[in-house]
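The chain is numbered in sequence order, starting from 1.
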Amino acid sequence: MRPELTRITNADDFLNYYWLKEELVQFCRENELPVSGSKMEITARIESFLRDGLIEKPKQKQLRRKKKSKEPLSRSTVITEDHRCSQDVRTFFKQEIGEHFHFSTYIQDYFRANIGKTYEDAINAWHEEQTRKQDPAYKKDIAPQFEYNRFIRDFFSNPINKGKSRSQAVEAWNKKKSKPYSHSS
């Protein structure tokens, strides 16, 4: 059974259970810990607090003022560290790719990981991803913080669960999250 999350909860016990972000934020508020950041950042902050009593401040993201380029966007536009998926960038890609273009997680990750490449490269990457999606074996990556979504997808992809309903999947999730689990799985 999942323990109650209090300031005396063992850090390892805390890490062995699933917690909703709202539960983590509530704990932070009750213990005067910062509440900002992703679920993973808040979890790390609570772990540190439970282990050492340390109150870690969230990492400050440095805001850089980017000068708006007066040059029109083109296929030769270079992806910079300051790249933003703005409305003008969306408009450019819709003109180049088509109205079906959207800033998928894949393409946003591509921009972050490919500083120095061009919009031409990003357009090619978009088309390559669309081709991969046509493969019946294609599985979209689900980020680690979306444990519920990962569980539900894995539940339905398991042949044992063929024909089971969504409510059965949710019931299985509720059982799983109330028990300790290994972080390596």
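- Between Glu47 and Arg51, at least one side-chain nitrogen of the basic residue sits less than 4.0 Å from a carboxylate oxygen of the acidic one, meeting the salt-bridge criterion.
- No hydrogens or angles considered: nothing links the side chains of Asp88 and Thr91 as a donor-acceptor pair under 3.5 Å.
- In this structure a side-chain-to-backbone donor-acceptor pair under 3.5 Å is missing from Asp13 to Asn10.
- Between His102 and Trp126, the two ring planes are perpendicular [angle over 60°; tilted spans 30° to 60°].
- To the nearest 0.5 Å, atoms CD1 (Ile79) and OH (Tyr119) are separated by 7.0 Å.
- Scanning for salt bridge (charged side-chain N to carboxylate O under 4.0 Å, His left out) contacts around Glu22 gives an empty result, with sequence neighbours left out.
- Leu24 and Ile55 fall within the same hydrophobic cluster, defined by Ile, Leu, Val, Met, Phe, Trp and Tyr side-chain heavy atoms under 4.5 Å apart, directly or through other members.
- Here Arg132 pairs with Glu129 in a salt bridge; the nearest charged N to carboxylate O distance falls below 4.0 Å.
- Atom CZ of Phe27 sits about 9.5 Å away from atom CH2 of Trp19, to the nearest 0.5 Å.
- Closest approach of His100 and Ile97 over heavy atoms only: CE1-O, 3.3 Å.
- The minimum heavy-atom distance linking Leu73 with Val89 is given by the pair CD1-CA, 3.8 Å.
- Between the side chain of Arg112 and the main chain of His83, no donor-acceptor pair closer than 3.5 Å is present.
- Scanning all heavy atoms of the two residues, the minimum distance from Ile152 to Ala169 falls at CD1-CB, 3.8 Å.
- The hydrophobic clustering, which links ILVMFWY residues whose side-chain heavy atoms are closer than 4.5 Å, places Met40 and Ile46 apart.
- The minimum heavy-atom distance linking Leu5 with Leu50 is given by the pair CD1-CD1, 4.2 Å.
- With hydrogens and angles ignored, the 3.5 Å screen pairs no side-chain donor or acceptor of Asn31 with any backbone N or O of Leu33.
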Could you go through the side-chain contact (heavy atoms from CB on, under 4.5 Å) check for Val78 and Ile115 one step at a time? CA-CA 8 Å; Val78 175; Ile115 294 165; over 6 Å; no
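- In this pair, Phe103 and Phe101 present their aromatic rings perpendicular. The plane angle is above 60°, beyond the 30 to 60° band.
- Thr9 OG1 to Phe14 CZ: the interatomic distance, rounded to the nearest 0.5 Å, is 9.0 Å.
- With rounding to the nearest 0.5 angstrom, the OG1 atom of Thr131 is 8.5 Å from the NE2 atom of His127.
- Looking at Glu171 and Lys175, a side-chain N of the basic residue comes within less than 4.0 Å of a carboxylate O on the acidic one, giving a salt bridge.
- Inter-residue side-chain proximity for Arg90 and Cys85 is flagged as unmet; no heavy-atom pair is nearer than 4.5 Å.
- Here the side chain of Arg75 pairs no donor or acceptor atom with the backbone of Thr118 at under 3.5 angstrom.
- Defined by atom type and a distance below 3.5 Å, a donor-acceptor pair is missing between the side-chain atoms of Gln134 and Gln130.
- To the nearest 0.5 Å, atom CZ of residue Phe151 and atom NZ of residue Lys177 are 11.0 Å apart.
- The pair Glu23-Arg2 meets the salt-bridge criterion, with a side-chain N (NZ, NE, NH1 or NH2) lying under 4.0 Å from an Asp/Glu carboxylate O.
- Following chains of ILVMFWY side-chain contacts shorter than 4.5 Å, one cannot reach Phe146 starting from Tyr106, and the two form parts of different hydrophobic clusters.
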Less than 3.5 Å apart, which donor and acceptor atoms pair up between the side chains of residues 153-160 and the rest of the protein, not counting sequence neighbours?
residue, atom, partner, partner atom, Å
Arg153, NH1, Lys140, O, 2.3
Ser157, OG, Arg153, O, 3.3
Ser157, OG, Asp154, O, 3.0
Asn158, OD1, Ile160, N, 2.9

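- Separating the OG atom in Ser74 from the CD atom in Glu120 is a distance of 9.5 Å, to the nearest 0.5 Å.
- Of all non-hydrogen atoms in Tyr17 and Ser178, the two that sit nearest each other are CE2-O, 3.4 Å.
- Classification of Glu147 and Lys39 as a salt-bridged pair holds, one side-chain N sitting under 4.0 Å from a carboxylate O.
- The main-chain N or O of Tyr110 is found under 3.5 Å from a side-chain atom of Asn114 such that the two form a donor-acceptor pair.
- Here the closest heavy-atom approach between residue Ile42 and residue Val35 is recorded as CD1-O, 3.3 Å.
- When ring centroids are compared, Phe93 and Phe111 come within the 6.0 Å threshold.
- At a threshold of 4.5 Å between side-chain heavy atoms, the hydrophobic network of Ile, Leu, Val, Met, Phe, Trp and Tyr places Val170 and Tyr18 in one connected group.
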